[in-house]
2 protein chains.
Amino acid sequence: MVDPEDGQLSRRQRERLWHRQLILDAAEKLFSRKGFYQTNVQEIAEDAEFSVGFLYNMFENKELLYQELITARAEEYFQKTYEQIENANTPPDKLRAVLRTKLNFFERHRRFFSIFANISSQMDSGPPPMMSEDCMSRYRKYQQKLEEIFASGVRAGEFEDFPSSVAVLAIEGITNTIIGQWVHTGKNALESIDPEIIERILFDGFRAGRNEK
Amino acid sequence: MVDPEDGQLSRRQRERLWHRQLILDAAEKLFSRKGFYQTNVQEIAEDAEFSVGFLYNMFENKELLYQELITARAEEYFQKTYEQIENANTPPDKLRAVLRTKLNFFERHRRFFSIFANISSQMDSGPPPMMSEDCMSRYRKYQQKLEEIFASGVRAGEFEDFPSSVAVLAIEGITNTIIGQWVHTGKNALESIDPEIIERILFDGFRAGRNEK
DNA sequence: CTAAAATATGAATAAAGGTTCACGATCACA
DNA sequence: TGTGATCGTGAACCTTTATTCATATTTTAG
């Protein structure tokens, strides 16, 4: 085959990439529905309407397929978040931007959430995460970024002086359980739980009478 | 064998029960370390110093062993929580009691946490939970109990009027990520993160200047 | 049009691991 | 001490499933 001019992919190559994507889509669907171990490659291939052999032509093995899935979407997510952080000015606004972005991103991509939440919750505890080292380090970087935002808010006298690592855990914890609830109940989403409420809980807490602007 | 007088177990029966417990302990250790699918019964039996056959004599299968493990400890946890709720008077105090109990319980029983958190996070989202119906319903009851507490606090004018289901998700979310962090880092625990801080975040939020008693 | 290269297939392979069961050891009780 | 019940063993069995590979099909380019 002639080497197509740099950057340009032949029709065939583009098609191949598209087929690869179809497999990733099927995998995302099934992994999110049944988890890694209860999904077999046969099913994935079938769902994508390819043969197992082809799947193995595209991906080295089941585990790497899974990891690639996660890495790609996570990358997309982190990227979007960073952009929104840049667009906001004060630490509180940046934090709000993080919340909005997260809620929006996982509102689309609910499937991905079940995969990602599972993994990331295991990252701070349980069994061996099935996440690539690469992706884990990006996740840590993301957490650090949030910590920095919080810390700078503290320095600016806008936030109480909590350890920023704890604050970030709180943010992640709240959002994850709530998004999980969306994914679970399926139906309603951003409407069922107003993001505003999450912000208020995080910023002003449960105690009554604190919400004078 | 003579039927021992009601309630009294023969030495043999007691021993059997004890051996059963040894298997449960080994299972807890391994499941928490490596997860359900990556732990095989062979290992569990070996770790408990019994044969696979004996394990299958005590438990119908791997899945039920897992479920029993969860159910037993979860039951213990819910029980403890209910007790502490009874001992507190106002809704805020009850909520504080819930937090303290949770933190304390999982400070001991870290192993169990990796199992339980995994499961309960999946209960509101992802893949099929490996939790018995029975245990799930008790978990829901527990959540309802917390919701009631919050709601009554709202009625008493002590809490902001957030939907109680959201408030409970927030509580569970924050505590789970933080406990997860303990389990993860292994080292420090109740000392590394003062429970006080968690309370303050939940009650008064991040915003500075709200913590006049 | 044709040969080499790239694609795609799915039956066959092999490894892993859950479950069973025939049997030996041990205990309770006379 | 004898005998039946209970306890405990682990090798063998069998299902499941990730992975391979010989083969068929399609494309490319000369």
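Rounded to an integer number of Å, the gap from CD of A:E46 to P of C:dT9 is 12 Å. Between the P atom of C:dG10 and the CD1 atom of A:I44 lies a distance of 17 Å, rounded to the nearest Å. The CG-P distance, from B:L17 to D:dC7, rounds to 11 Å in whole Å. Separating the CZ atom of B:R20 from the P atom of D:dC7 is a distance of 13 Å, rounded to the nearest angstrom.
A:E43 and A:R33 are not joined by a salt bridge, as no carboxylate oxygen comes within less than 4.0 angstrom of a charged side-chain nitrogen. Between B:R138 and B:D134, at least one side-chain N (NZ, or NE/NH1/NH2) sits under 4.0 Å from a carboxylate O, which counts as a salt bridge. The pair A:E199-A:R100 meets the salt-bridge criterion, with a side-chain N (NZ, NE, NH1 or NH2) lying under 4.0 Å from an Asp/Glu carboxylate O. Remark: B:E76 engages B:R73 in a salt bridge, criterion side-chain N to carboxylate O under 4.0 Å.
Listed by residue number, there are no residues of residues 23-34 of chain B with a heavy-atom contact under 4.0 Å to DNA chain D.
With a 6.0 Å radius and a threshold of 12 heavy atoms from other residues, nucleotides or ligands, B:E60 has its CD atom at or below the threshold.
Both the sub-6.0 Å distance and the 45° axial angle are not jointly satisfied by A:R16 relative to the ring of A:F54. A:K102 forms no cation-pi arrangement with A:F113, by the criterion of a distance under 6.0 Å to the ring centre and an angle within 45° of the ring axis. For the pair A:K62 and A:F36, the cation-pi criterion (under 6.0 Å, within 45° of the ring axis) is fulfilled.
For the helix from C:dC1-D:dG30 to C:dA30-D:dT1, the angle separating the two terminal helix axes comes to 10°, with each axis derived from five pairs and the value rounded to 10°.
In this structure the side chain of A:I85 never reaches within 4.5 angstrom of the side chain of A:T101, judged on heavy atoms.
A:F78 and A:Y139 have tilted rings, their planes meeting at an angle from 30° to 60° on a 0 to 90° scale.
A sub-4.0 Å separation between OP1 or OP2 of C:dA28 and a side-chain N or O of B:R11 is present.
Aromatic ring centres of B:F206 and A:F150: separated by under 6.0 Å.
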Q | Under 4.0 Å protein heavy-atom contact, by nucleotide of nucleotides 8-20 of chain D - B base, S sugar-phosphate only | A | SBB------SSBB

